[in-house]
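Below, read A as the first sequence line, B as the second, and so on, with proteins coming before strands; counting in each chain starts at 1. All values derive from a computational prediction rather than experimental measurement.
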Amino acid sequence: MPELPEVETTRRGIEPRLAGKTLEAVEIRDARLRWPVPGDIGARLAGKKLLAVRRRGKYLLFDFGGLFQIVHLGMSGSLRFAAKNETAAAHDHVDWHFADGTTLRLRDPRRFGAVLLSDDPPNHPLLAHLGPEPLRSDFSAAYLYRACRGRKTSIKNLIMDSRIVVGVGNIYASESLSAAGIRPGRAAGRLTRAECAKLAAAVKTTLQNAVRAGGSSLRDYVAANGELGYFQLHARVYGRAGLPCRACGTPIKKLATAQRSSFYCPVCQK
DNA sequence: CTCCGATCCTGATGGC
DNA sequence: TGCCATCAGGATCGGA
């Protein structure tokens with residue numbers, strides 16, 4: 001579920017309450033995630049101070065100073081702070097207990113997420129081949145145009161490829177293409193320079209707006225039932241098949257390819 | 001190398 | 001109400 005904005009919102013929500021605190025214990029309730037949660041994670045992290053929580057693509061990097069905990073939320077993962085004596089529910093896989101009593105809790109029903117350790121995240125196999133961050137300047141019109149050269153895959157598949165650019169999932173791919181006026185099924189290699197420029201800009205503004213929306217929902221997240229990083233998206237096209245395009249009123253079309261659907265306006269997007 | 005479909009897993013939803 | 005099929009926001013793998 002979580003794409004870059006949700007992961008970034010999660011990061012912003014947890015870092016202020018955790019940075020500078022010492023980890024006391026890790027409670028692994030159910031180690032079965034995409035890969036088993038390392039059994040020695042508690043032994044290796046206990047007593048260490050969490051310096052910062054960073055993000056690379058959809059990965060959260062807990063910086064314990066020379067040792068990093070990598071967390072990926074997969075499709076259904078979420079992090080929240082557990083209240084004192086709040087019992088764990090189904091699919092609550094891991095608790096991190098900090099010395100001041102704060103407990104961070106990971107829930108992941110579908111178990112596509114991951115909790116791993118690394119002393120060198122940039123060279124970790126999962127992160128080593130990641131493309132640029134979409135909100136940074138190295139993800140540019142020129143970069144995207146270059147990345148599209150010779151590619152026959154659809155532009156939607158291309159921007160969802162984390163080797164090209166990180167953080168863009170199924171929702172924000174559709175939303176960005178809508179904002180750029182480009183159909184998701186277009187062959188990447190056939191986009192013009194101008195279209196790539198529009199798309200690179202649209203990816204940035206779409207993600208930025210979503211991060212901002214997440215930020216405004218952050219204040220609620222400490223609430224008892226508040227999961228972190230999930231918020232209402234005012235979608236242009238995603239999930240709106242058959243509903244009128246917000247710009248021209250034409251019914252939004254749904255394109256089903258390999259169990260992943262795309263949405264677009266057949267008039268506004270060329 | 002590139003592309004595309006299958007796949008891991010559980011829960012929510014809608015049709016009958 | 002119960003049962004079944006379908007779909008879900010990720011990312012890797014293997015075959016073509």
Using atom P in both nucleotides, what's the gap between C/dC3 and B/dC9 to the nearest angstrom?
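To the nearest whole Å, 24 Å.
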Grab the N/O contacts between the protein and nucleotides 1-3 of chain B below 3.5 Å, and write none if there aren't any.
unit_1	atom_1	unit_2	atom_2	d
B/dC3	OP1	A/Lys152	N	2.5
B/dC3	OP1	A/Thr153	N	3.0
B/dC3	OP2	A/Arg151	NE	2.5
B/dC3	OP2	A/Arg151	NH2	2.4

With sequence neighbours excluded, residues passing ring-ring contact (aromatic ring centres under 6.0 Å, His included) with A/Tyr238
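Counting only residues at least two positions away or on another chain, A/Tyr238 forms a ring-ring contact (aromatic ring centres under 6.0 Å, His included) with A/Phe263.
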Using the test ring-ring contact (aromatic ring centres under 6.0 Å, His included), find all partners of A/Tyr59 that sit at least two apart in sequence or belong to another chain.
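Partners of A/Tyr59 under the ring-ring contact (aromatic ring centres under 6.0 Å, His included) test: A/His72.
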Taking only Lys NZ, Arg NE, NH1 and NH2, and the carboxylate oxygens of Asp or Glu, determine whether [X] and [Y] approach each other closer than 4.0 Å.
X	Y	result
A/Arg136	A/Asp138	no
A/Glu6	A/Lys58	no
A/Glu195	A/Lys270	no
A/Arg80	A/Glu86	yes

Report the C-alpha distance between A/Ser178 and A/Gln269 in whole Å, list the side-chain angles of each, state the deciding distance to 0.1 Å, and finish with yes or no for side chain to side chain contact (heavy atoms under 4.5 Å, CB included).
CA-CA 7 Å; A/Ser178 164; A/Gln269 294 174 250; 3.7 Å; yes
Listed by chain and number, what are the side-chain contact (heavy atoms from CB on, under 4.5 Å) partners of A/Pro121, not counting sequence neighbours?
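With sequence neighbours excluded, A/Pro121 shows a side-chain contact (heavy atoms from CB on, under 4.5 Å) to A/Leu61, A/Phe68, A/Ser118, A/Leu127, given in chain and number order.
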Who are the side-chain contact (heavy atoms from CB on, under 4.5 Å) partners of A/Pro266, not counting sequence neighbours?
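Listed in chain order: A/Arg183, A/Thr250, A/Lys253, A/Tyr264.
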Suppose the criterion is side chain to side chain donor-acceptor pair (under 3.5 Å): which pairs have a residue in residues 89-99 of chain A, not counting sequence neighbours?
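Qualifying pairs, neighbours excluded: A/Glu27-A/His97, A/Arg29-A/Asp95, A/Gln69-A/Trp96, A/Asp92-A/Arg107, A/Asp95-A/Arg105, A/His97-A/Thr103.
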Dot-bracket, 5' to 3', for DNA chain C please: Watson-Crick or G-U pairs under 3.5 Å, [ ] where pairs cross earlier ones, | where the partner sits on another strand, dots elsewhere.
.|||||||.|||||||
Distances for protein N or O near nucleotides 12-16 of chain C N or O, under 3.5 Å:
unit_1	atom_1	unit_2	atom_2	d
C/dT12	O4'	A/Arg34	NH2	3.1

Which atom pair, heavy atoms only, marks the closest approach of A/Ser262 to A/Ser174?
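Between these two residues, the closest heavy atoms are CA-OG, 3.7 Å.
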Donor-acceptor pairs under 3.5 Å, side chain of residues 239-248 of chain A to any protein atom, not counting sequence neighbours: which ones?
unit_1	atom_1	unit_2	atom_2	d
A/Arg240	NH1	A/Arg236	O	2.9
A/Arg240	NH1	A/Pro244	O	3.2
A/Arg240	NH2	A/Pro244	O	2.8
A/Arg246	NE	A/Ala235	O	2.7
A/Arg246	NH2	A/Ala235	O	2.8

Toward the 5' end of DNA chain C, which comes first, A/His72 or A/Lys254, by nearest nucleotide?
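The answer here is A/Lys254.
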A/Ile159 side chain near A/Ile164 side chain, heavy-atom distance below 4.5 Å:
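Side chain of A/Ile159 against side chain of A/Ile164, heavy atoms only: no contact under 4.5 Å found.
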Letter by letter from the 5' end, nucleotides 9-14 of chain B scores (B base, S sugar-phosphate only, - none; protein heavy atoms under 4.0 Å) BBS---
May I ask you to list the residues of residues 238-247 of chain A, by number, that have any heavy atom positioned under 4.0 Å from an atom of DNA chain B?
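Those residues: none at all.
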What is the separation between atom [atom1] on [X] and atom [atom2] on [N], rounded to the nearest whole Å?
X	N	atom1	atom2	value
A/Leu4	C/dG9	CG	C1'	13 Å
A/Asn157	B/dC4	CG	P	7 Å
A/Met160	B/dC4	CE	P	13 Å

Residues A/Thr22, A/Lys49; criterion side chain to side chain donor-acceptor pair (under 3.5 Å); working and verdict
CA-CA 4 Å; A/Thr22 299; A/Lys49 188 194 279 187; over 6 Å; no
Would you list the atom pairs, donor with acceptor, under 3.5 Å between side chains in residues 144-152 of chain A and any protein atom, with sequence neighbours excluded?
unit_1	atom_1	unit_2	atom_2	d
A/Arg149	NE	A/Tyr145	O	3.0
A/Arg149	NH2	A/Leu191	O	3.4

